[in-house]
Amino acid sequence: MGRVKNFKIIILAAILILPAIRSFAEEEIPFELNNAVQEDSSYESTVVEPAKPKKDTQKAQVPQPGGKSAPQADLAGLGSLAPFSDIAVISKRFLPKTNRFEFFVNGGVILNDAFFSDFVYGGRLGYYFTEKYGLEAIGTFISSSSKTVTTELQNERNVATQALATPTAYYGGDFKWVPVYGKIGWMNKSIIPFDFYFSVGGGITTTNQNTSPPTAHIGAGQMFALNKSMAVRLDVSWYGYQSTTKVGATGATGATGTYSNLHATLGMCFFFPGAEYR
Amino acid sequence: MRHIFLLALVLTISGIAKAETIKFKEEELARESVLPVFDQPEAVKRKLVPFSGRVELEAYVGATLNDPFFNTYPLGGGVSYHLNEFHALGIVGAYHITQQSQYVAQIQTLPGGSTIPFNASPVLQYFAFGEYEFTPYYGKISLTKQGVMNMTISGTLGAGFVGLTSAAGSDSGFGFSGGLNQRLFFTRNFGIKADLKAFFYQQNDIVQVTPSKKLFTNLMVTLGVVYLLPSL
């Protein structure tokens, strides 16, 4: 009877221990996903809109038996909670810039030249101290040809078109501020991270009047990142300067006019060194 | 009883045995791919500012950039219907406030330039265009991490009537336009819109001694507000 009693105890113990061992063993099962699904990069950067909080959060009701509801006491103190001091509303910048150089090759047009068709091309070399702030050196060259109205003024009205000043080049420097960044979806199929910047600075414009007046420059633009080292950059810049012309009202040299040029350029920018540290 | 003991032992050990990694032979594994294929990937899961089926109202002010003899300042508006998230059809129009540019006085005082009849030069006074808008880009931006705003980038094509005026009288004709604009939304309904448009139309060229009609290109920048209906 004693051996039978021992066997019963062993069986009972086994029955009790078995589920515990099974559950423990199931937790420890290593999954070998040799054929793991490779996620599309566009999904990694999926735009998720922040959920809009309901206005009546504090008036949340707890259902009560009989269909009645009563205020939820736990939510009463929500109004006195301290706000977050630093709320990250969007993921980190895709295109790192801190301590990196940027080389921008560009081409474009002057939008507001009434008398000349101007093709703008050039390069810019910048250095970023932080993600937001940097300095940039600018070299821009302008190739101009007379518009129809200018040719007609010369040919049909004998108006001296050399009296019209147009820029031939600009050399200067800028302070650059990049306060805005974001991401934009193309046809709801892919995501393109981008930065929005402002720049302000000055330099010298050379003109077809053989003058080199000091020039003020204000610009803004966007950089659409292709990867962490390359981006498509769109820039709109205003340049303001004063220049004398060869032919004045009386045909003499010395008439001074104020000129403003609005440049729109598009190009590629390259960031270096690499961004392995990110 | 011994059998019962062995059965309990087997059951106990089987739980541990289940934790072992089982390696199958190559030929016993499924041969077809099990990778999921997404035919219609959706980059933006839920748009905060949806367009589809909504009516957009806009009002704007602006300036033309490259008219040699007139500075013109359009005051305009428009209404459009978004067929879906990408395509919209609408009507836009503007009335232009005009004044002669600085070049008129400068040219008329130059040697040989005093006889040009600038007062007879036609200038764009109004336009009313039907317009198609394509909005391939929708996204969001962060301003120094303190808030998120939604934005779009669109291209437009339009055609319609232009009205011209001069000291010699009024004229009208056919014109067309192409443009690029960017919207920035402060709420799900309200935003601002910056637009760069090129207008093409014919007008009398008074610089010629015998004026004739020529194709003119006028670049215009505008800044305005937009509101989407129904409100969300």
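Quick caveat: nothing in here was measured; it's all calculated off a predicted structure. Chain A is the first sequence line, chain B the second, and so forth, proteins listed ahead of strands; every chain is numbered from 1.
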Short side-chain donor-acceptor distance under 3.5 Å, Thr211(A) and Ser243(A):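 Looking only at side-chain atoms, Thr211(A) and Ser243(A) do form a donor-acceptor pair, the distance falling under 3.5 Å.
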Asp171(B) and its side chain to side chain donor-acceptor pair (under 3.5 Å) partner, picked from Lys213(B), Gln203(B), Gln202(B): Lys213(B)
With a 4.5 angstrom heavy-atom cut-off, which part of Tyr137(B) approaches chain A: side chain, backbone, both or neither?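 It is both, since atoms from each part get that close.
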With a 4.5 angstrom heavy-atom cut-off, could you sort out which part of Phe134(B) is near chain A: side chain, backbone, both or neither?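 Just the side chain, heavy atoms under 4.5 Å.
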Does Asn218(B) reach the side chain of Asn66(B), with side-chain heavy atoms less than 4.5 Å apart? yes
Less than 4.5 Å to any heavy atom of chain B: does that hold for the side chain of Thr258(A), its backbone, both, or neither?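 Only the backbone of Thr258(A) comes within 4.5 Å of chain B.
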Answer with side chain, backbone, both or neither: which region of Leu262(A) has an atom nearer than 4.5 Å to a non-hydrogen atom of chain B?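 Side chain only.
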Given Asn181(B), which partner from the list Thr156(B), Ile153(B), Thr135(B) fulfils the side chain to side chain contact (heavy atoms under 4.5 Å, CB included) test? Thr156(B)
